[in-house]
Amino acid sequence: MLTASAHPSSACRACFVIGHPIAHSRSPMIHGYWLKQLSIAGRYDRIDVEPWALPAFVDRIRAGEFAGGNVTVPHKQSIIPLLDRLTEDAAALGAVNTVYSDGALIWGHNTDAAGFLVHLEASAPGWADRVETALILGAGGAAFAVAHALLGRVGGRIIVANRNPARSKALKAHFSDHPSASRIEILDWDQRSDAVAEADLIVNTTSLGMKGQPELDLDLRGLKASAIVDDIVYVPLETTLLREARRRGAIGVDGLGMLLNQAAPGFERWFGRRPVVTSELRRIVETDITGMAS
Ligand code: ATR
């Protein structure tokens with residue numbers, strides 16, 4: 001029998017981030033900060049779940065052990081058939097990064113596109129009015145989220161350049177039912193620098209420029225001084241791409257803001273309070289990243 005104290009809304013709510021590997025996830029740092037700041041008696045733990053163990057883990061959510069949590073590589077797609085419902089954002093991307101229970105059903109949601117947009121708007125207010133042409137570098141999961149965010153907001157072209165052309169074609173095909181799908185154009189990876197001069201917004205969604213990875217080789221000589229350059233890489237915080245773009249007068253948008261802002265909607269679902277991405281939180285995560293990047 002359920003006693004009042006055992007009711008999920010009054011118990012200490014437990015949440016998770018699952019992935020494999022998961023040791024480097026910063027999500028516990030972010031959610032732990034909000035729990036403390038808002039004096040919520042909740043938990044948010046990093047749990048390593050190997051692919052074979054995913055169905056049993058979802059059973060634990062179903063049994064009420066968790067209010068929800070975050071999902072990362074390699075489970076973002078494979079978790080879908082194990083859930084009851086997908087939100088529109090998760091269905092549009094075919095990927096889940098946030099799971100929650102509504103008391104009866106287990107939902108899969110995706111906050112990557114929203115997190116990207118919130119940070120872009122904060123860093124370059126009114127950006128959509130001045131972006132006619134956007135250039136997306138990469139065609140992995142992050143590129144799908146960025147393309148989803150930009151479709152319907154960018155008035156002109158959305159050019160996608162990826163090393164492996166099959167993946168950029170798959171991205172275009174994935175969004176073929178979207179009313180603005182015809183705006184997506186595929187460009188050869190070798191020609192990426194040719195599109196720089198036309199772009200009002202450039203988004204790097206590849207892992208290039210990340211600590212331990214090769215640099216992104218992009219010729220910025222033609223970059224418009226009015227351009228916005230968004231790098232979703234956040235280790236290091238200021239990538240070579242961002243430094244060079246800012247030196248040329250463009251607005252640089254770092255990847256940390258997207259990371260922090262994609263976390264907020266999940267927290268609100270699980271714990272019932274809207275958390276704020278404060279400058280203190282940014283500093284805490286920045287310090288951790290700087291320690292890692294040096
Ligand atoms: P995520 O889900 O974070 O986007 P991903 O699916 O592994 O991660 O995608 C990584 C992106 O970085 C891809 O666009 C990948 O290009 P390929 O599809 O051609 O692999 C890109 N990338 C990684 N290393 C690269 C490299 N050395 N040169 C060019 N692109 C690279």
Side-chain angles (χ1 to χ4, degrees), residues 17-27 51 70-80 89-90 92-98 108-117 119-120 134-151 158-175 184-196 199 201-220 229-237 239-242 253-263 289 292:
V17 55
I18 53 167
H20 183 70
I22 198 63
H24 297 299
S25 170
R26 287 191 174 76
S27 295
N70 289 119
V71 178
T72 188
V73 178
H75 306 312
K76 286 181 155 194
Q77 288 159 343
S78 53
I79 199 167
I80 290 176
D89 283 335
L93 292 179
V96 162
N97 76 344
T98 302
H109 182 38
N110 196 306
T111 63
D112 282 338
F116 169 80
L117 284 176
H119 183 52
L120 179 56
L135 170 62
I136 301 176
L137 301 170
F144 273 57
V146 169
H148 176 53
L150 296 184
L151 272 168
I158 300 174
I159 304 168
V160 179
N162 192 54
R163 177 182 57 179
N164 175 354
R167 289 184 92 188
S168 18
K169 283 182 196 142
L171 185 151
K172 185 171 166 63
H174 179 85
F175 292 108
I184 300 180
E185 292 174 23
I186 296 167
L187 182 71
D188 277 353
W189 180 245
D190 291 346
Q191 291 172 346
R192 62 196 179 281
S193 293
D194 300 344
V196 165
L201 170 66
I202 299 177
V203 188
N204 175 39
T205 73
T206 73
S207 46
L208 296 170
M210 191 188 292
K211 184 184 178 239
Q213 298 290 320
E215 282 295 344
L216 169 67
D217 181 9
L218 186 69
D219 185 348
L220 291 182
V229 177
D230 190 326
D231 197 340
I232 73 158
V233 168
Y234 58 88
V235 181
L237 207 56
T239 57
T240 307
L241 172 67
L242 285 185
V253 182
D254 67 50
L256 179 57
M258 177 177 172
L259 175 77
L260 300 176
N261 282 292
Q262 62 79 28
I289 289 170
M292 230 195 108

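In listed order, ligands and their atoms are each counted from 1.
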Checking [X] side chain against [Y] main chain: does a donor-acceptor pair fall under 3.5 Å?
X      : Y      : result
Arg192 : Asp217 : yes
His119 : Asp254 : yes
Asn162 : Ser168 : no
Asp112 : Gly115 : no

Has ligand 1 got any nitrogen or oxygen that is less than 3.5 angstrom from a nitrogen or oxygen of [X]?
X      : result
Gly141 : yes
Trp189 : no
Thr206 : no

Side chain, backbone, both or neither: which part of [X] has a heavy atom under 4.0 Å from ligand 1?
X      : value
Val73  : neither
Asn162 : side chain
Arg163 : both

Could you tell me whether atom 30 (N) of ligand 1 has at least one protein heavy atom nearer than 4.0 Å?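 At least one protein heavy atom is under 4.0 Å away.
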Within the structure, does at least one protein heavy atom fall under 4.0 Å of atom 10 (C) of ligand 1?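 No.
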For ligand 1, which atoms sit closer than 4.0 Å to a heavy atom of [X]?
X      : value
Ala139 : 14 (O)
Ala142 : 1 (P), 2 (O), 4 (O)
Ser207 : 12 (O), 23 (C), 24 (N)
Gly138 : 14 (O)

Just verifying a value: how many Å separate Leu137 CG and Leu241 CG, rounded to the nearest 0.5 Å?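 Spacing of CG (Leu137) from CG (Leu241) equals 8.0 Å.
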Should Asn164 and Trp189 be marked as a side chain to side chain contact (heavy atoms under 4.5 Å, CB included) after you check the CA-CA gap, both sets of side-chain angles, and the distance that decides it? CA-CA 8 Å; Asn164 175 354; Trp189 180 245; over 6 Å; no
Nearest protein heavy atom to atom 19 (O) of ligand 1, by residue and atom, and its distance? Asn164 N, 2.9 Å
Nearest non-hydrogen protein atom to atom 6 (O) of ligand 1, with distance, is Arg167 NH2, 2.9 Å
Could you tell me whether the side chains of Thr111 and Asp89 share a donor-acceptor contact shorter than 3.5 Å?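 No pair is found: no donor N or O on one side chain lies under 3.5 Å from an acceptor on the other.
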Name the orientation class of the two ring planes belonging to His148 and Phe175 (parallel below 30°, tilted from 30 to 60°, perpendicular beyond 60°).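 Judged by the thresholds at 30° and 60°, the geometry between His148 and Phe175 is parallel.
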Would Thr98 and Asn70 count as a side chain to side chain contact (heavy atoms under 4.5 Å, CB included) here? Give the steps. CA-CA 4 Å; Thr98 302; Asn70 289 119; 3.5 Å; yes
